[in-house]
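Report on one structure; see the data block that follows.
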Number of protein chains: 2
Amino acid sequence: MSATPRTRPEKSTLSLDAIVTTTLALVDELGYAAVSMRRVAQALETGPASLYVYVRDRHELMSLTYDLAIAEVVLPVESDGDWRARLELLVDRIVAALGSHDDIASIGLSDVPTGPQSLRVTEELLRLLRAGGIDDAACAWAADLFGQYISSSALEIAARLRAQRATDPTHASEAAMSAAMSAHLDAVYRDLPADAYPTIHALAPLLTGGEGGKRAAWKLRVILDGLLAQG
Amino acid sequence: MSATPRTRPEKSTLSLDAIVTTTLALVDELGYAAVSMRRVAQALETGPASLYVYVRDRHELMSLTYDLAIAEVVLPVESDGDWRARLELLVDRIVAALGSHDDIASIGLSDVPTGPQSLRVTEELLRLLRAGGIDDAACAWAADLFGQYISSSALEIAARLRAQRATDPTHASEAAMSAAMSAHLDAVYRDLPADAYPTIHALAPLLTGGEGGKRAAWKLRVILDGLLAQG
DNA sequence: ACCTGAACACCGTTCAAGT
DNA sequence: ACCTGAACACCGTTCAAGT
(Lines give C-alpha, C1' and ligand atoms only; values in the text may rest on other atoms or scores of the structure.)
Protein backbone atom coordinates (compact mmCIF):
# COMPACT_ATOMS: atom_id res chain seq x y z
CA MET A 1 0.00 0.00 0.00
CA SER A 2 2.27 2.77 -1.20
CA ALA A 3 0.91 6.07 -2.54
CA THR A 4 -2.59 5.70 -4.01
CA PRO A 5 -2.38 3.30 -6.95
CA ARG A 6 -4.11 4.42 -10.14
CA THR A 7 -5.19 2.76 -13.33
CA ARG A 8 -4.77 5.89 -15.44
CA PRO A 9 -1.37 6.58 -17.06
CA GLU A 10 0.31 8.34 -14.14
CA LYS A 11 -1.77 11.56 -14.29
CA SER A 12 0.00 12.73 -17.49
CA THR A 13 1.06 16.28 -16.73
CA LEU A 14 -0.87 18.97 -18.55
CA SER A 15 0.51 20.48 -21.76
CA LEU A 16 -0.81 22.59 -24.59
CA ASP A 17 -0.36 19.67 -26.96
CA ALA A 18 -2.42 17.36 -24.77
CA ILE A 19 -5.14 19.99 -24.42
CA VAL A 20 -5.43 20.62 -28.15
CA THR A 21 -5.29 16.93 -29.08
CA THR A 22 -7.99 16.15 -26.53
CA THR A 23 -10.12 19.02 -27.82
CA LEU A 24 -10.02 17.74 -31.39
CA ALA A 25 -10.98 14.25 -30.21
CA LEU A 26 -13.91 15.70 -28.27
CA VAL A 27 -15.01 17.79 -31.26
CA ASP A 28 -15.21 14.56 -33.25
CA GLU A 29 -17.05 12.76 -30.47
CA LEU A 30 -19.46 15.40 -29.20
CA GLY A 31 -19.51 18.07 -31.88
CA TYR A 32 -17.93 21.52 -31.91
CA ALA A 33 -20.71 23.32 -30.02
CA ALA A 34 -20.81 20.74 -27.22
CA VAL A 35 -17.10 20.94 -26.45
CA SER A 36 -16.81 23.18 -23.40
CA MET A 37 -13.79 24.15 -21.38
CA ARG A 38 -15.24 22.04 -18.61
CA ARG A 39 -15.52 18.93 -20.76
CA VAL A 40 -11.99 19.31 -22.04
CA ALA A 41 -10.78 19.70 -18.46
CA GLN A 42 -12.80 16.67 -17.39
CA ALA A 43 -11.26 14.55 -20.15
CA LEU A 44 -7.83 15.61 -18.90
CA GLU A 45 -8.81 14.91 -15.30
CA THR A 46 -8.32 18.45 -14.13
CA GLY A 47 -10.40 21.54 -13.43
CA PRO A 48 -11.42 24.08 -16.08
CA ALA A 49 -9.27 26.81 -14.50
CA SER A 50 -6.13 24.82 -15.28
CA LEU A 51 -6.68 25.24 -19.04
CA TYR A 52 -6.31 28.99 -18.75
CA VAL A 53 -2.64 28.56 -17.93
CA TYR A 54 -2.14 27.46 -21.54
CA VAL A 55 -4.89 29.21 -23.42
CA ARG A 56 -6.43 32.67 -23.27
CA ASP A 57 -10.02 31.56 -23.87
CA ARG A 58 -12.20 29.02 -25.68
CA HIS A 59 -11.77 30.77 -29.01
CA GLU A 60 -7.99 30.54 -28.84
CA LEU A 61 -8.25 26.85 -27.96
CA MET A 62 -10.47 26.28 -30.98
CA SER A 63 -8.09 28.20 -33.25
CA LEU A 64 -5.28 25.90 -32.15
CA THR A 65 -7.54 22.90 -32.70
CA TYR A 66 -8.35 24.21 -36.19
CA ASP A 67 -4.67 24.25 -37.00
CA LEU A 68 -4.30 20.67 -35.74
CA ALA A 69 -7.10 19.61 -38.11
CA ILE A 70 -5.27 21.29 -40.99
CA ALA A 71 -2.18 19.26 -40.11
CA GLU A 72 -3.89 16.24 -41.69
CA VAL A 73 -3.70 17.81 -45.14
CA VAL A 74 -1.07 16.16 -47.31
CA LEU A 75 0.21 18.50 -50.00
CA PRO A 76 -0.21 17.25 -53.57
CA VAL A 77 2.99 16.17 -55.30
CA GLU A 78 4.34 16.61 -58.81
CA SER A 79 2.90 13.32 -60.01
CA ASP A 80 -0.61 14.55 -59.14
CA GLY A 81 -0.58 16.65 -62.28
CA ASP A 82 -0.20 20.25 -63.35
CA TRP A 83 -0.75 23.27 -61.12
CA ARG A 84 -4.48 23.25 -61.64
CA ALA A 85 -4.97 19.56 -60.87
CA ARG A 86 -2.84 19.95 -57.78
CA LEU A 87 -4.71 23.07 -56.68
CA GLU A 88 -8.05 21.29 -56.98
CA LEU A 89 -6.67 18.34 -55.04
CA LEU A 90 -5.29 20.64 -52.34
CA VAL A 91 -8.59 22.48 -51.91
CA ASP A 92 -10.51 19.18 -51.80
CA ARG A 93 -8.18 17.84 -49.15
CA ILE A 94 -8.50 20.92 -46.96
CA VAL A 95 -12.30 20.76 -47.24
CA ALA A 96 -12.26 17.05 -46.41
CA ALA A 97 -9.93 17.51 -43.42
CA LEU A 98 -11.99 20.35 -41.92
CA GLY A 99 -15.32 18.78 -42.80
CA SER A 100 -14.46 15.62 -40.89
CA HIS A 101 -14.15 17.56 -37.61
CA ASP A 102 -17.67 18.90 -37.26
CA ASP A 103 -17.91 22.71 -37.28
CA ILE A 104 -14.25 23.42 -36.59
CA ALA A 105 -14.23 25.18 -39.99
CA SER A 106 -16.32 27.97 -38.48
CA ILE A 107 -13.07 29.29 -37.01
CA GLY A 108 -11.85 30.04 -40.52
CA LEU A 109 -14.80 32.32 -41.18
CA SER A 110 -14.27 34.64 -38.20
CA ASP A 111 -10.46 34.54 -38.13
CA VAL A 112 -7.79 34.65 -40.75
CA PRO A 113 -6.07 31.44 -39.67
CA THR A 114 -2.39 32.07 -38.99
CA GLY A 115 -1.29 28.85 -37.31
CA PRO A 116 1.74 27.04 -38.77
CA GLN A 117 -0.37 24.39 -40.51
CA SER A 118 -2.67 27.00 -42.03
CA LEU A 119 0.36 28.90 -43.27
CA ARG A 120 1.77 25.71 -44.76
CA VAL A 121 -1.30 25.07 -46.91
CA THR A 122 -1.76 28.78 -47.72
CA GLU A 123 1.82 28.95 -48.94
CA GLU A 124 1.22 25.98 -51.21
CA LEU A 125 -2.08 27.40 -52.47
CA LEU A 126 -0.45 30.70 -53.39
CA ARG A 127 2.55 28.94 -54.89
CA LEU A 128 0.32 26.86 -57.18
CA LEU A 129 -1.68 29.92 -58.27
CA ARG A 130 1.53 31.74 -59.12
CA ALA A 131 2.81 28.68 -60.94
CA GLY A 132 -0.37 28.92 -63.00
CA GLY A 133 0.66 32.37 -64.15
CA ILE A 134 -1.99 34.22 -62.15
CA ASP A 135 -0.78 37.73 -61.40
CA ASP A 136 0.15 38.61 -57.86
CA ALA A 137 -2.86 40.74 -56.94
CA ALA A 138 -5.23 38.10 -58.31
CA CYS A 139 -3.38 35.41 -56.32
CA ALA A 140 -3.97 37.31 -53.11
CA TRP A 141 -7.66 37.86 -53.75
CA ALA A 142 -8.11 34.34 -55.05
CA ALA A 143 -6.67 32.95 -51.82
CA ASP A 144 -9.35 34.91 -49.99
CA LEU A 145 -12.07 33.51 -52.26
CA PHE A 146 -10.76 29.96 -51.90
CA GLY A 147 -10.72 30.47 -48.15
CA GLN A 148 -14.41 31.35 -48.20
CA TYR A 149 -15.16 28.40 -50.45
CA ILE A 150 -13.20 26.02 -48.24
CA SER A 151 -14.77 27.10 -44.94
CA SER A 152 -18.33 27.12 -46.20
CA SER A 153 -17.94 23.80 -48.03
CA ALA A 154 -16.46 22.17 -44.95
CA LEU A 155 -19.37 23.37 -42.84
CA GLU A 156 -21.79 22.00 -45.41
CA ILE A 157 -20.10 18.60 -45.26
CA ALA A 158 -20.01 18.66 -41.48
CA ALA A 159 -23.73 19.42 -41.35
CA ARG A 160 -24.42 16.53 -43.73
CA LEU A 161 -22.33 14.12 -41.66
CA ARG A 162 -24.06 15.29 -38.49
CA ALA A 163 -27.51 14.73 -39.98
CA GLN A 164 -26.33 11.34 -41.20
CA ARG A 165 -25.20 10.29 -37.75
CA ALA A 166 -28.40 11.61 -36.18
CA THR A 167 -30.78 9.69 -38.43
CA ASP A 168 -28.65 6.63 -38.90
CA PRO A 169 -26.04 5.86 -36.28
CA THR A 170 -25.15 2.55 -37.90
CA HIS A 171 -23.39 4.20 -40.85
CA ALA A 172 -25.77 3.13 -43.61
CA SER A 173 -25.28 4.11 -47.23
CA GLU A 174 -24.72 7.75 -48.09
CA ALA A 175 -27.59 7.45 -50.53
CA ALA A 176 -30.02 6.67 -47.71
CA MET A 177 -29.11 9.80 -45.80
CA SER A 178 -28.96 11.98 -48.88
CA ALA A 179 -32.51 10.85 -49.59
CA ALA A 180 -33.75 11.64 -46.08
CA MET A 181 -32.12 15.06 -46.20
CA SER A 182 -33.32 16.18 -49.61
CA ALA A 183 -36.74 14.61 -49.08
CA HIS A 184 -37.63 17.33 -46.62
CA LEU A 185 -36.21 20.12 -48.75
CA ASP A 186 -37.81 18.70 -51.87
CA ALA A 187 -41.17 18.70 -50.12
CA VAL A 188 -40.70 22.35 -49.16
CA TYR A 189 -39.96 23.32 -52.75
CA ARG A 190 -42.69 21.19 -54.28
CA ASP A 191 -45.35 22.52 -51.90
CA LEU A 192 -44.49 26.07 -52.93
CA PRO A 193 -47.12 28.00 -54.91
CA ALA A 194 -45.94 27.66 -58.50
CA ASP A 195 -47.23 31.08 -59.48
CA ALA A 196 -45.34 32.95 -56.77
CA TYR A 197 -42.13 30.94 -57.16
CA PRO A 198 -42.12 29.67 -60.75
CA THR A 199 -38.36 29.25 -61.07
CA ILE A 200 -37.80 27.49 -57.75
CA HIS A 201 -40.75 25.27 -58.59
CA ALA A 202 -39.40 24.46 -62.03
CA LEU A 203 -35.88 23.74 -60.78
CA ALA A 204 -36.91 21.95 -57.56
CA PRO A 205 -35.50 18.52 -58.41
CA LEU A 206 -32.21 20.06 -59.57
CA LEU A 207 -31.86 22.16 -56.42
CA THR A 208 -31.81 19.19 -54.10
CA GLY A 209 -30.32 16.63 -56.46
CA GLY A 210 -26.76 16.06 -57.60
CA GLU A 211 -24.25 13.89 -55.85
CA GLY A 212 -21.98 15.84 -53.49
CA GLY A 213 -18.71 15.09 -55.22
CA LYS A 214 -19.77 16.18 -58.69
CA ARG A 215 -21.32 19.36 -57.32
CA ALA A 216 -18.15 20.24 -55.43
CA ALA A 217 -15.96 19.58 -58.46
CA TRP A 218 -18.23 21.76 -60.59
CA LYS A 219 -18.07 24.67 -58.13
CA LEU A 220 -14.30 24.53 -57.95
CA ARG A 221 -14.12 24.46 -61.75
CA VAL A 222 -16.33 27.55 -61.90
CA ILE A 223 -14.02 29.48 -59.58
CA LEU A 224 -10.87 28.41 -61.38
CA ASP A 225 -12.27 29.10 -64.84
CA GLY A 226 -13.41 32.49 -63.60
CA LEU A 227 -10.00 33.19 -62.18
CA LEU A 228 -8.34 32.38 -65.48
CA ALA A 229 -10.80 34.66 -67.26
CA GLN A 230 -9.40 37.69 -65.38
CA GLY A 231 -6.46 39.79 -66.57
CA MET B 1 -55.43 54.79 -7.60
CA SER B 2 -56.90 52.20 -9.91
CA ALA B 3 -55.00 49.08 -11.03
CA THR B 4 -51.22 49.60 -10.95
CA PRO B 5 -50.35 52.39 -13.42
CA ARG B 6 -47.45 51.65 -15.78
CA THR B 7 -45.23 53.72 -18.00
CA ARG B 8 -44.72 50.94 -20.52
CA PRO B 9 -47.16 50.57 -23.42
CA GLU B 10 -49.82 48.48 -21.70
CA LYS B 11 -47.72 45.28 -21.48
CA SER B 12 -48.04 44.65 -25.25
CA THR B 13 -49.16 41.02 -25.52
CA LEU B 14 -46.57 38.57 -26.78
CA SER B 15 -46.50 37.56 -30.43
CA LEU B 16 -44.09 35.81 -32.78
CA ASP B 17 -43.63 39.05 -34.69
CA ALA B 18 -42.70 40.99 -31.57
CA ILE B 19 -40.28 38.26 -30.51
CA VAL B 20 -38.50 38.13 -33.86
CA THR B 21 -38.34 41.92 -34.25
CA THR B 22 -36.93 42.26 -30.75
CA THR B 23 -34.39 39.54 -31.45
CA LEU B 24 -33.08 41.30 -34.56
CA ALA B 25 -32.77 44.57 -32.62
CA LEU B 26 -30.84 42.78 -29.89
CA VAL B 27 -28.57 41.09 -32.43
CA ASP B 28 -27.68 44.56 -33.71
CA GLU B 29 -27.17 45.91 -30.22
CA LEU B 30 -25.40 43.05 -28.45
CA GLY B 31 -24.19 40.77 -31.21
CA TYR B 32 -25.51 37.40 -32.35
CA ALA B 33 -23.68 35.29 -29.77
CA ALA B 34 -24.80 37.46 -26.85
CA VAL B 35 -28.50 37.25 -27.67
CA SER B 36 -29.90 34.63 -25.34
CA MET B 37 -33.47 33.48 -24.86
CA ARG B 38 -33.33 35.14 -21.47
CA ARG B 39 -32.27 38.50 -22.87
CA VAL B 40 -34.99 38.41 -25.51
CA ALA B 41 -37.53 37.57 -22.81
CA GLN B 42 -36.20 40.37 -20.62
CA ALA B 43 -36.55 42.89 -23.43
CA LEU B 44 -40.16 41.77 -23.83
CA GLU B 45 -40.72 41.94 -20.06
CA THR B 46 -41.55 38.27 -19.69
CA GLY B 47 -39.83 35.08 -18.65
CA PRO B 48 -37.77 32.88 -21.00
CA ALA B 49 -40.28 30.03 -20.81
CA SER B 50 -42.90 32.19 -22.51
CA LEU B 51 -40.87 32.28 -25.72
CA TYR B 52 -41.22 28.54 -26.13
CA VAL B 53 -44.93 28.95 -26.80
CA TYR B 54 -43.96 30.56 -30.14
CA VAL B 55 -40.64 29.00 -30.98
CA ARG B 56 -39.19 25.51 -30.68
CA ASP B 57 -35.69 26.58 -29.65
CA ARG B 58 -33.05 29.28 -30.06
CA HIS B 59 -32.04 28.02 -33.49
CA GLU B 60 -35.57 28.34 -34.83
CA LEU B 61 -35.81 31.86 -33.42
CA MET B 62 -32.58 32.77 -35.16
CA SER B 63 -33.79 31.27 -38.45
CA LEU B 64 -36.87 33.46 -38.27
CA THR B 65 -34.66 36.44 -37.44
CA TYR B 66 -32.48 35.62 -40.46
CA ASP B 67 -35.52 35.79 -42.69
CA LEU B 68 -36.46 39.16 -41.20
CA ALA B 69 -32.99 40.46 -42.06
CA ILE B 70 -33.44 39.26 -45.65
CA ALA B 71 -36.69 41.24 -45.82
CA GLU B 72 -34.56 44.40 -46.12
CA VAL B 73 -33.31 43.33 -49.54
CA VAL B 74 -34.89 45.34 -52.34
CA LEU B 75 -34.91 43.43 -55.62
CA PRO B 76 -33.12 45.15 -58.51
CA VAL B 77 -35.39 46.55 -61.19
CA GLU B 78 -35.18 46.64 -64.98
CA SER B 79 -33.48 50.03 -65.03
CA ASP B 80 -30.60 48.58 -62.99
CA GLY B 81 -29.28 46.95 -66.14
CA ASP B 82 -29.09 43.55 -67.77
CA TRP B 83 -29.43 40.22 -65.95
CA ARG B 84 -25.79 40.22 -64.91
CA ALA B 85 -25.76 43.74 -63.50
CA ARG B 86 -28.94 42.98 -61.62
CA LEU B 87 -27.58 39.69 -60.29
CA GLU B 88 -24.47 41.40 -58.98
CA LEU B 89 -26.59 44.08 -57.38
CA LEU B 90 -28.87 41.48 -55.80
CA VAL B 91 -25.97 39.52 -54.34
CA ASP B 92 -24.36 42.71 -53.02
CA ARG B 93 -27.60 43.73 -51.37
CA ILE B 94 -28.09 40.36 -49.69
CA VAL B 95 -24.52 40.45 -48.39
CA ALA B 96 -25.01 44.01 -47.14
CA ALA B 97 -28.32 43.21 -45.43
CA LEU B 98 -26.96 40.14 -43.65
CA GLY B 99 -23.61 41.71 -42.89
CA SER B 100 -25.26 44.59 -41.07
CA HIS B 101 -26.80 42.23 -38.50
CA ASP B 102 -23.69 40.74 -36.92
CA ASP B 103 -23.34 36.98 -37.38
CA ILE B 104 -26.94 36.28 -38.34
CA ALA B 105 -25.53 35.03 -41.66
CA SER B 106 -24.16 31.98 -39.84
CA ILE B 107 -27.68 30.57 -40.01
CA GLY B 108 -27.35 30.37 -43.79
CA LEU B 109 -24.32 28.09 -43.50
CA SER B 110 -25.93 25.40 -41.34
CA ASP B 111 -29.45 25.58 -42.79
CA VAL B 112 -30.85 25.92 -46.26
CA PRO B 113 -32.95 29.02 -45.55
CA THR B 114 -36.57 28.39 -46.49
CA GLY B 115 -38.33 31.38 -44.97
CA PRO B 116 -40.57 33.46 -47.25
CA GLN B 117 -38.03 36.26 -47.63
CA SER B 118 -35.24 33.83 -48.42
CA LEU B 119 -37.46 32.21 -51.02
CA ARG B 120 -38.24 35.62 -52.51
CA VAL B 121 -34.58 36.44 -53.13
CA THR B 122 -33.72 32.88 -54.19
CA GLU B 123 -36.51 32.98 -56.75
CA GLU B 124 -35.11 36.21 -58.17
CA LEU B 125 -31.55 34.89 -58.16
CA LEU B 126 -32.58 31.80 -60.10
CA ARG B 127 -34.77 33.83 -62.43
CA LEU B 128 -31.86 36.13 -63.32
CA LEU B 129 -29.51 33.23 -63.91
CA ARG B 130 -32.03 31.63 -66.21
CA ALA B 131 -32.57 34.95 -67.97
CA GLY B 132 -28.82 34.90 -68.59
CA GLY B 133 -29.20 31.68 -70.52
CA ILE B 134 -27.52 29.50 -67.90
CA ASP B 135 -28.83 25.97 -68.21
CA ASP B 136 -31.09 24.63 -65.49
CA ALA B 137 -28.65 22.29 -63.77
CA ALA B 138 -26.01 25.03 -63.67
CA CYS B 139 -28.58 27.47 -62.24
CA ALA B 140 -29.29 25.12 -59.36
CA TRP B 141 -25.63 24.55 -58.53
CA ALA B 142 -24.80 28.21 -59.04
CA ALA B 143 -27.47 29.18 -56.50
CA ASP B 144 -25.70 26.90 -54.04
CA LEU B 145 -22.33 28.52 -54.80
CA PHE B 146 -23.78 32.03 -54.50
CA GLY B 147 -25.30 31.01 -51.19
CA GLN B 148 -21.88 30.04 -49.87
CA TYR B 149 -20.38 33.25 -51.20
CA ILE B 150 -23.13 35.35 -49.66
CA SER B 151 -23.00 33.78 -46.20
CA SER B 152 -19.24 33.84 -45.91
CA SER B 153 -18.96 37.38 -47.26
CA ALA B 154 -21.60 38.61 -44.84
CA LEU B 155 -19.74 37.03 -41.93
CA GLU B 156 -16.54 38.69 -43.09
CA ILE B 157 -18.24 42.08 -43.17
CA ALA B 158 -19.87 41.50 -39.79
CA ALA B 159 -16.48 40.62 -38.27
CA ARG B 160 -14.99 43.80 -39.73
CA LEU B 161 -17.79 45.95 -38.38
CA ARG B 162 -17.46 44.31 -34.97
CA ALA B 163 -13.72 44.98 -34.87
CA GLN B 164 -14.41 48.54 -35.97
CA ARG B 165 -16.89 49.13 -33.15
CA ALA B 166 -14.53 47.51 -30.63
CA THR B 167 -11.51 49.67 -31.45
CA ASP B 168 -13.39 52.82 -32.31
CA PRO B 169 -16.87 53.27 -30.88
CA THR B 170 -17.12 56.81 -32.26
CA HIS B 171 -17.49 55.64 -35.87
CA ALA B 172 -14.25 57.01 -37.27
CA SER B 173 -13.20 56.55 -40.88
CA GLU B 174 -13.24 53.09 -42.37
CA ALA B 175 -9.66 53.65 -43.40
CA ALA B 176 -8.59 53.96 -39.77
CA MET B 177 -10.08 50.66 -38.81
CA SER B 178 -8.91 48.90 -41.94
CA ALA B 179 -5.42 50.03 -41.02
CA ALA B 180 -5.66 48.73 -37.46
CA MET B 181 -6.98 45.40 -38.68
CA SER B 182 -4.49 44.72 -41.44
CA ALA B 183 -1.64 46.10 -39.35
CA HIS B 184 -1.72 43.03 -37.14
CA LEU B 185 -2.07 40.60 -40.03
CA ASP B 186 0.60 42.39 -42.01
CA ALA B 187 2.95 42.06 -39.06
CA VAL B 188 2.26 38.32 -38.89
CA TYR B 189 3.06 37.87 -42.57
CA ARG B 190 6.11 40.12 -42.55
CA ASP B 191 7.64 38.40 -39.54
CA LEU B 192 7.37 35.03 -41.27
CA PRO B 193 10.64 33.34 -42.28
CA ALA B 194 10.99 34.20 -45.96
CA ASP B 195 12.68 30.91 -46.79
CA ALA B 196 9.90 28.74 -45.36
CA TYR B 197 7.06 30.87 -46.75
CA PRO B 198 8.48 32.63 -49.81
CA THR B 199 5.14 33.20 -51.57
CA ILE B 200 3.25 34.51 -48.55
CA HIS B 201 6.22 36.71 -47.79
CA ALA B 202 6.34 38.05 -51.34
CA LEU B 203 2.59 38.69 -51.52
CA ALA B 204 2.19 39.98 -47.95
CA PRO B 205 1.14 43.53 -48.83
CA LEU B 206 -1.36 42.26 -51.41
CA LEU B 207 -2.89 39.75 -48.99
CA THR B 208 -3.94 42.38 -46.50
CA GLY B 209 -4.44 45.30 -48.91
CA GLY B 210 -7.26 46.11 -51.26
CA GLU B 211 -10.31 48.07 -50.39
CA GLY B 212 -13.29 45.89 -49.43
CA GLY B 213 -15.61 46.96 -52.21
CA LYS B 214 -13.19 46.34 -55.08
CA ARG B 215 -12.23 42.98 -53.65
CA ALA B 216 -15.88 41.93 -53.35
CA ALA B 217 -16.68 43.06 -56.89
CA TRP B 218 -13.67 41.13 -58.20
CA LYS B 219 -14.73 37.92 -56.45
CA LEU B 220 -18.25 38.14 -57.79
CA ARG B 221 -16.89 38.75 -61.30
CA VAL B 222 -14.72 35.64 -60.97
CA ILE B 223 -17.70 33.47 -60.06
CA LEU B 224 -19.89 34.87 -62.81
CA ASP B 225 -17.20 34.63 -65.49
CA GLY B 226 -16.55 31.07 -64.37
CA LEU B 227 -20.22 30.29 -64.55
CA LEU B 228 -20.43 31.60 -68.10
CA ALA B 229 -17.40 29.51 -69.04
CA GLN B 230 -19.34 26.30 -68.31
CA GLY B 231 -21.48 24.48 -70.86
C1' DA C 1 5.77 28.61 -11.99
C1' DC C 2 2.05 25.95 -12.16
C1' DC C 3 -2.22 24.54 -10.58
C1' DT C 4 -7.00 24.68 -8.63
C1' DG C 5 -11.45 25.13 -5.40
C1' DA C 6 -14.81 27.96 -5.27
C1' DA C 7 -17.39 31.45 -6.82
C1' DC C 8 -19.65 34.86 -10.14
C1' DA C 9 -22.66 35.69 -13.53
C1' DC C 10 -24.59 33.62 -16.73
C1' DC C 11 -26.85 29.78 -20.28
C1' DG C 12 -31.16 26.63 -22.96
C1' DT C 13 -34.91 24.08 -21.92
C1' DT C 14 -38.64 21.70 -19.31
C1' DC C 15 -42.61 21.18 -16.60
C1' DA C 16 -45.97 21.48 -13.17
C1' DA C 17 -49.00 24.81 -11.87
C1' DG C 18 -51.64 28.71 -12.63
C1' DT C 19 -55.11 31.92 -15.33
C1' DA D 1 -54.98 28.37 -24.85
C1' DC D 2 -51.58 30.89 -23.13
C1' DC D 3 -48.38 31.95 -19.76
C1' DT D 4 -44.78 31.40 -16.09
C1' DG D 5 -41.98 30.37 -11.44
C1' DA D 6 -38.88 27.47 -10.37
C1' DA D 7 -35.79 24.15 -11.22
C1' DC D 8 -32.28 21.15 -13.80
C1' DA D 9 -28.15 20.71 -15.77
C1' DC D 10 -25.17 23.13 -17.59
C1' DC D 11 -21.80 27.35 -19.39
C1' DG D 12 -16.87 30.74 -19.64
C1' DT D 13 -13.92 33.00 -16.87
C1' DT D 14 -11.61 34.89 -12.67
C1' DC D 15 -9.07 34.93 -8.55
C1' DA D 16 -7.38 34.07 -4.14
C1' DA D 17 -5.03 30.51 -2.23
C1' DG D 18 -2.19 26.64 -2.35
C1' DT D 19 2.16 23.73 -3.80
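Proteins get letters first, then strands, A, B, ... in listed order; numbering begins at 1 in each. If you're wondering where the values come from, they're calculated on a predicted model, not measured in any experiment.
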In whole angstrom, what separates [X]'s [atom1] from [N]'s [atom2]?
{"X": "L16(A)", "N": "dC2(C)", "atom1": "CG", "atom2": "P", "answer": "12 Å"}
{"X": "L51(B)", "N": "dG5(D)", "atom1": "CG", "atom2": "C1'", "answer": "15 Å"}
{"X": "Y52(A)", "N": "dG5(C)", "atom1": "OH", "atom2": "P", "answer": "15 Å"}
{"X": "R56(A)", "N": "dT13(D)", "atom1": "CZ", "atom2": "C1'", "answer": "13 Å"}
{"X": "E60(A)", "N": "dT13(D)", "atom1": "CD", "atom2": "P", "answer": "10 Å"}

Discussion item. OP1 or OP2 of dC3(C) versus the side-chain N and O atoms of Y54(A): is any pair under 4.0 Å?
Written reply: yes
Discussion item. For a quick test of reading the model: is some side-chain N or O of T46(B) closer than 4.0 Å to OP1 or OP2 of dT4(D)?
Written reply: yes
Practice prompt. Verify the distance criterion only: is there a donor paired with an acceptor across the side chains of Q42(A) and R39(A) at less than 3.5 Å?
Written response: no
Worksheet entry | For D144(B), all residues meeting salt bridge (charged side-chain N to carboxylate O under 4.0 Å, His left out), sequence neighbours excluded | R215(A), K219(A)
Practice prompt. Report the residues that fulfil salt bridge (charged side-chain N to carboxylate O under 4.0 Å, His left out) with E124(A), sequence neighbours left out, ordered by chain and then residue number.
Written response: R127(A)
Worksheet item: Rounded to the nearest 0.5 Å, how far apart are CD of E72(A) and CD of Q117(A)?
Response: 10.0 Å
Worksheet item: Measuring from T65(A):OG1 to I107(A):CD1, what's the distance to the nearest 0.5 Å?
Response: 8.0 Å
Side-chain donor/acceptor of [X] to backbone N/O of [Y], under 3.5 Å:
{"X": "D103(B)", "Y": "G31(B)", "result": "no"}
{"X": "Q148(A)", "Y": "Q148(B)", "result": "no"}
{"X": "S153(A)", "Y": "I150(A)", "result": "no"}

Pull out every protein N or O sitting under 3.5 Å from an N or O of nucleotides 17-19 of chain C, one pair per line with the distance.
none

Worksheet item: Is there a side-chain contact between P205(B) and R190(B) (heavy atoms, below 4.5 Å)?
Response: no
Discussion item. If you define the side chain from C-beta out and look only at heavy atoms, does anything of V40(A) sit under 4.5 Å from L51(A)?
Written reply: yes
Item to complete: Would you mind telling me which of dT13(D), dC3(C), dT13(C) lies closest to the side-chain atoms of D57(A)?
Response: dT13(D)
Worksheet item: Looking at dG5(C), dC2(D), dC3(C), which one has an atom nearest to any side-chain atom of V53(B)?
Response: dC2(D)
What N/O pairs connect the protein and nucleotides 7-11 of chain D at under 3.5 Å? Give each pair on its own line.
{"from": "dC11(D)", "atom 1": "OP1", "to": "S36(A)", "atom 2": "OG", "distance (Å)": "3.0"}
{"from": "dC11(D)", "atom 1": "OP1", "to": "R39(A)", "atom 2": "NE", "distance (Å)": "3.4"}

Response to the item:
Its dot-bracket string being built from Watson-Crick and G-U pairs below 3.5 Å, with | for another strand and [ ] for crossing, DNA chain C has the pattern ||.|||||...|||||.||
Item to complete: With sequence neighbours excluded, tell me which residues meet side chain to side chain donor-acceptor pair (under 3.5 Å) with S63(A).
Response: D111(A)
Fill in: Rounded distance in Å between the C1' positions of dA16(C) and dC3(D)
13 Å
Fill in: C1' atoms of dA9(C) and dC10(D), separation to the nearest Å
13 Å
